[in-house]
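Here's the structure we're looking at; comments come further down.
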Amino acid sequence: MRIRSIIFLTIILLCLQLPAQVVDSVQGKIESVRGKVEMLPEIQVRGQSEFVSVDAVQPTQLMSSKTLSVLPAVQVSDVLKLMSGVVIKDYGGVGGMKTVAVRGFSSQHTAVAYDGIVVADGQTGQIDLSRFPLQNAGVVQLVMGPTGPAAAARTASAAGTLFIHSAFLPDFTYDRQRLHLDACFTGGSFGLINPSLRIDNLILKDTIRRTTISSSLFINYLQSKGDYPFTLYYGAAGDSTSQERRENSDVKTFNVEENLKFKFRGRAFLNAKFYYYQSERGLPGAVLFYTVKNGQRLYDQNAFGQIDLQFPNMSVWKYRMLAKFNFSGQRYYDGEYLNAAGYIDNRYFQREYYLSNIVQFQPIDIFEISLANDLVFGNMNANLTDFVTPSRLQVLTALTAAVRTHFPEINAQVRLLHTGVANWTKRGTAAKNLSRFSPAASFSINLLGKKPSIDLYFRTYYQNIYRIPTFNDLYYNEVGNTNLRPENAHQVNAGVTFARSFVKTQKMVGNEPFDNVYLEKRFEMNVTATLDGYYNRVKDKIVAIPSKNLFVWSMLNFGKVEMSGLDATATTTFKYNPSCFKSASLSGSYSLQRAVDKTDPAGKTYGHQIPYTPLHSGSLSALVEFSWSRRCNLKIGYTMVAAGTRYTLQQNVPQNELAPYTDHSLSLSTEIVIGDRRHRRAYDQCKLGFKAELLNLADKHYEVIRNYPMQGRSFRLTGWVKL
């Protein structure tokens with residue numbers, strides 16, 4: 001039986017002409033061997049097209065590196081604008097702060113996980129997405145509602161989770177090359193310079209012990225003057241205007257990442273990441289009447305190390321451990337402040353220690369139970385006089401049970417999350433301790449059963465979560481309130497997902513006498529669509545709105561807020577062969593968000609939309625790829641982002657309206673391959689690429705946040721080489 005298996009495997013490898021690897025037991029060397037191909041008699045091979053179904057358990061939106069490389073985008077926030085149910089607060093320019101909020105919640109309700117571990121900021125609770133460059137992003141995924149059993153308890157306490165996965169290391173299985181280089185340089189309007197370098201290295205590969213160690217080093221530098229022009233309006237519409245340039249909007253950032261991946265006998269995986277980021281930027285401030293200048297500066301430093309250890313193949317048990325240490329420092333400087341010293345130089349320092357243990361037990365194929373326990377300790381100190389120096393210990397425990405059946409296809413999950421928080425300070429009064437339980441449940445079913453190339457799911461979930469007040473909420477000078485209660489949120493969602501694949505094949509015969517007869521895909525179309533309706537209710541909602549500049553915020557408590565709406569997405573992809581036209585895709589999203597104040601029926605803001613949440617918003621993206629040969633391709637990308645009327649303050653009156661806007665962008669990219677796998681070794685290949693982007697085609701001058709004008713028409717040019 002073993003001999004027949006070896007012969008059968010050898011024939012397959014010879015027919016495919018794949019390089020195999022043979023281990024020399026004497027010298028321990030690995031050599032590449034290519035066998036001689038012998039033509040077989042005429043045969044006919046039939047195959048099914050690859051069909052990828054949409055995620056049916058939770059509303060999930062995902063973009064891979066292949067799509068990200070074509071879109072006119074340079075930061076993660078640019079990609080999120082194309083997703084439904086998302087509100088991006090953008091303060092203009094490449095260096096402007098960018099935060100994400102989902103379905104009417106504040107940005108503190110959205111967890112941002114980088115390579116599986118949450119990125120946290122105990123001071124503000126908000127993560128600036130501008131620090132994540134797309135050059136090192138492999139997958140950007142947004143998940144609404146409860147996460148799966150393998151997730152940490154920390155992600156279970158969020159209304160939505162943004163997963164950012166760094167670019168995957170190359171597959172070294174059939175490649176003798178131990179080193180891959182990816183160098184990229186971007187230049188653009190308003191002094192944009194952005195070089196980056198990525199080095200992937202195979203450190204160790206032991207085929208006998210099935211052990212692999214590989215590393216990836218990523219270095220990125222970005223600078224921009226940010227002095228883009230804008231129109232300054234004096235008074236109401238129709239009054240006088242002037243053309244100005246944004247001042248004190250420059251930025252310089254540098255970050256470096258080192259990723260180490262260990263694979264041990266296929267039974268254990270260890271991913272380690274070391275990250276450092278620093279930035280210096282001007283805070284341009286709000287543009288008010290004749291005031292366009294601002295002298296504040298902001299300096300950021302962030303360093304962390306994290307590990308992700310997994311044992312996924314332990315019979316009925318699975319184990320995962322996450323650990324992280326994070327340090328961040330922030331300096332706020334204002335050289336024109338009117339006080340006795342004549343300036344302000346505030347410095348804040350945060351430290352966080354994080355440990356998560358996840359144990360999964362699956363006694364039978366259809367049932368799984370998991371227990372996740374997270375320990376989070378964080379503290380903060382500053383150079384301020386009489387600063388309270390707060391510390392906080394959080395213990396989050398999530399017990400999850402999941403059922404998955406195949407006939408019919410059903411996914412059901414229930415979870416109970418306990419959140420315990422202990423606060424203390426060196427000075428002053430500490431916030432109250434907290435102990436709460438939060439239930440969650442989700443359910444999905446395939447309404448069409450197991451039909452080939454088509455899926456139709458119905459899904460629903462309920463989730464209760466608590467948003468713990470941040471250090472700024474509790475202790476910030478003249479704003480903090482140690483008696484502040486956590487936000488208590490209830491989420492209900494119901495929706496459908498649909499996926500359909502259409503394939504047309506044609507019988508083909510080769511030109512040579514011994515060529516095989518085979519079926520080739522001539523046309524393929526995939527259609528996916530989702531529609532979700534939701535209702536959220538938040539008690540004791542805390543809303544942060546910038547007052548003087550990007551660093552000083554005003555905390556407003558709305559008491560009760562109700563959010564209801566619809567999220568819709570649709571994607572269609574086409575593939576046609578053989579032709580220079582290779583593929584095309586068209587994607588669209590629409591969001592209806594009604595988030596209103598329900599605190600006091602007699603209040604002036606009762607029933608009014610909360611600030612900066614548009615009732616209607618949507619996006620459109622199109623990608624087209626042409627390929628004349630294996631060595632050259634051409635890709636065209638187009639995006640459109642639109643947002644309806646928003647209000648800058650609680651009262652929905654004309655004076656507080658912010659005009660709707662649309663933003664169109666276009667990209668053109670090409671990549672040339674030097675070297676051919678048929679005649680040269682794979683590691684001799686070199687890829688050269690070029691990308692041109694034209695942003696804000698209509699030169700629309702709009703504001704996402706009042707008095708923070710966005711930049712008009714601009715361009716970016718990018719070149720890269722991959723070895």
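- Nearest heavy atom pair, residue Ala120 against residue Ile127, reads C-CD1, 4.0 Å.
- Partners of Thr573 under the side-chain contact (heavy atoms from CB on, under 4.5 Å) rule, at least two apart in sequence or in another chain, are Asn526, Thr571, Ser585.
- Note: Tyr475 and Phe471 have tilted aromatic rings, judged against thresholds of 30 and 60 degrees for the angle between ring planes.
- The list of salt bridge (Lys or Arg N to Asp or Glu O under 4.0 Å) pairs with a residue in residues 390-418, not counting sequence neighbours, reads Glu368-Arg404, Glu409-Lys450.
- Within the 4.5 Å cutoff, side-chain heavy atoms of Phe443 are placed close to those of Ile410.
- No side-chain N or O of Ser591 forms a donor-acceptor pair with one of Gln593 less than 3.5 Å apart.
- Residues in residues 432-442 take part in these side-chain hydrogen bond (donor to acceptor under 3.5 Å, both in side chains) pairs, two or more places apart or across chains: His418-Ser435.
- With no hydrogens or angles considered, a side-chain donor-acceptor pair links Asn136 and Glu257 at under 3.5 Å.
- No donor-acceptor pair closer than 3.5 Å links the side chain of Gln609 to the backbone N or O of Tyr647.
- Here Leu416 contributes atom CG and Phe437 contributes atom CZ; the two are 6.0 Å apart, rounded to the nearest 0.5 Å.
- Ring geometry for Tyr462 versus His490: interplanar angle under 30°, hence parallel rather than tilted (30 to 60°).
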- Query: Given Asn488 and Asp540, is the side chain to side chain donor-acceptor pair (under 3.5 Å) satisfied, shown in steps?
  - Reply: CA-CA 7 Å; Asn488 183 6; Asp540 298 323; over 6 Å; no
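- Of the inter-residue distances, the one linking Leu447 atom CG with Asp455 atom CG reads 10.0 Å to the nearest 0.5 angstrom.
- Judged purely by distance below 3.5 Å, without hydrogens or angles, the side chains of Thr470 and Asn472 never pair a donor atom with an acceptor atom.
- Interatomic distance, CD of Gln310 versus CZ of Arg320, reported as 4.5 Å (0.5 Å rounding).
- Residues Gln126 and Gln108 meet the side-chain proximity criterion, which asks for heavy atoms closer than 4.5 Å.
- The shortest side-chain heavy-atom distance between Ile164 and Val112 falls under the 4.5 Å cut-off.
- Summarising the geometry of Gln360 relative to Ala150, their closest heavy-atom pair is OE1-CB, 3.6 Å, with the distance given to 0.1 Å.
- Contact check for Pro59 versus Arg103: side-chain heavy atoms found under the 4.5 Å cut-off.
- For Arg351, the CZ atom sits in a packed shell: over 12 heavy atoms of surrounding residues, nucleotides or ligands are nearer than 6.0 Å.
- Among pairs with a residue in residues 352-361, those fulfilling salt bridge (Lys or Arg N to Asp or Glu O under 4.0 Å) read Arg154-Glu352, at least two apart in sequence or across chains.
- Note on ring orientation: taking the six-membered ring where Trp is involved, the planes of Phe105 and His109 are tilted (angle from 30° to 60°).
- Residues satisfying the salt bridge (charged side-chain N to carboxylate O under 4.0 Å, His left out) criterion with Asp374, sequence neighbours excluded, are absent altogether.
- Interatomic distance, His608 NE2 to Leu649 CG, rounded to the nearest 0.5 Å: 12.5 Å.
- Under the 4.5 Å side-chain criterion, counting only non-hydrogen atoms from C-beta, Asp567 is in contact with Tyr534.
- Within the model, atoms CG of Asn379 and OG1 of Thr425 stand 12.5 Å from one another, a figure rounded to the nearest 0.5 Å.
- Of all heavy-atom pairs spanning Thr147 and Phe163, the tightest one is CG2-CZ, 4.3 Å.
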Just list the side-chain donor-acceptor pairs under 3.5 Å for residues 614-621, sequence neighbours left out, or say none.
{"from": "His616", "atom 1": "ND1", "to": "Tyr590", "atom 2": "OH", "distance (Å)": "2.7"}
{"from": "Ser619", "atom 1": "OG", "to": "Leu82", "atom 2": "O", "distance (Å)": "2.8"}
{"from": "Ser619", "atom 1": "OG", "to": "Ser589", "atom 2": "OG", "distance (Å)": "2.6"}

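- Residues in residues 587-596 take part in no salt bridge (Lys or Arg N to Asp or Glu O under 4.0 Å) pair, two or more places apart or across chains.
- Of the inter-residue distances, the one linking Asp473 atom CG with Gln123 atom CD reads 10.5 Å to the nearest 0.5 angstrom.
- Asn271 pairs by the side-chain contact (heavy atoms from CB on, under 4.5 Å) definition with Lys261, Asp308, not counting sequence neighbours.
- For Leu355, the side-chain contact (heavy atoms from CB on, under 4.5 Å) criterion is met by Met321, Ala323, Asn357, not counting sequence neighbours.
- Counted by atom type alone, Thr530 and Thr569 present one or more donor-acceptor pairs between their side chains at under 3.5 Å.
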- Message: With side chain to side chain contact (heavy atoms under 4.5 Å, CB included) as the criterion, how do Arg131 and Asn302 come out once you've worked through the C-alpha distance, each side chain's angles and the decisive distance to 0.1 Å?
- Response: CA-CA 10 Å; Arg131 67 175 56 185; Asn302 181 217; 3.2 Å; yes
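- Within the 4.5 Å cutoff, side-chain heavy atoms of Thr67 are placed close to those of Ser64.
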- Arg459/Asp532 under salt bridge (Lys or Arg N to Asp or Glu O under 4.0 Å): CA gap, chis, key distance, verdict: CA-CA 9 Å; Arg459 65 179 171 214; Asp532 286 273; 2.6 Å; yes
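- Counting heavy atoms from C-beta outward, Val641 and Asp78 have side chains that stay 4.5 Å or more apart.
- Under the side-chain contact (heavy atoms from CB on, under 4.5 Å) criterion, Gln306 pairs with Asp115, Ile117, Lys273, Phe304, Lys324, not counting sequence neighbours.
- Side-chain atoms of Trp317 and Tyr319, non-hydrogen and from C-beta on, never get closer than 4.5 Å to each other.
- Considering only residues two or more places apart in sequence or on other chains, Thr397 meets the side chain to side chain donor-acceptor pair (under 3.5 Å) condition with Asn373.
- Minimum interatomic distance between Ala153 and Leu417 (heavy atoms only, all atoms of both residues): O-CD1, 4.1 Å.
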- Are Tyr114 and Ser166 close enough, and set up right, to give a side chain to side chain contact (heavy atoms under 4.5 Å, CB included), and what steps lead you there? CA-CA 8 Å; Tyr114 194 32; Ser166 56; 4.2 Å; yes
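- Every residue was checked against the salt bridge (charged side-chain N to carboxylate O under 4.0 Å, His left out) condition with Arg646, not counting sequence neighbours, and none meets it.
- Nearest heavy-atom pair, Ala372 versus Ile358, reported as atom, atom and distance to 0.1 Å: CB-CG1, 3.9 Å.
- For the residue pair Ile610 and Gly104, the shortest heavy atom distance occurs at CD1-O, 3.6 Å.
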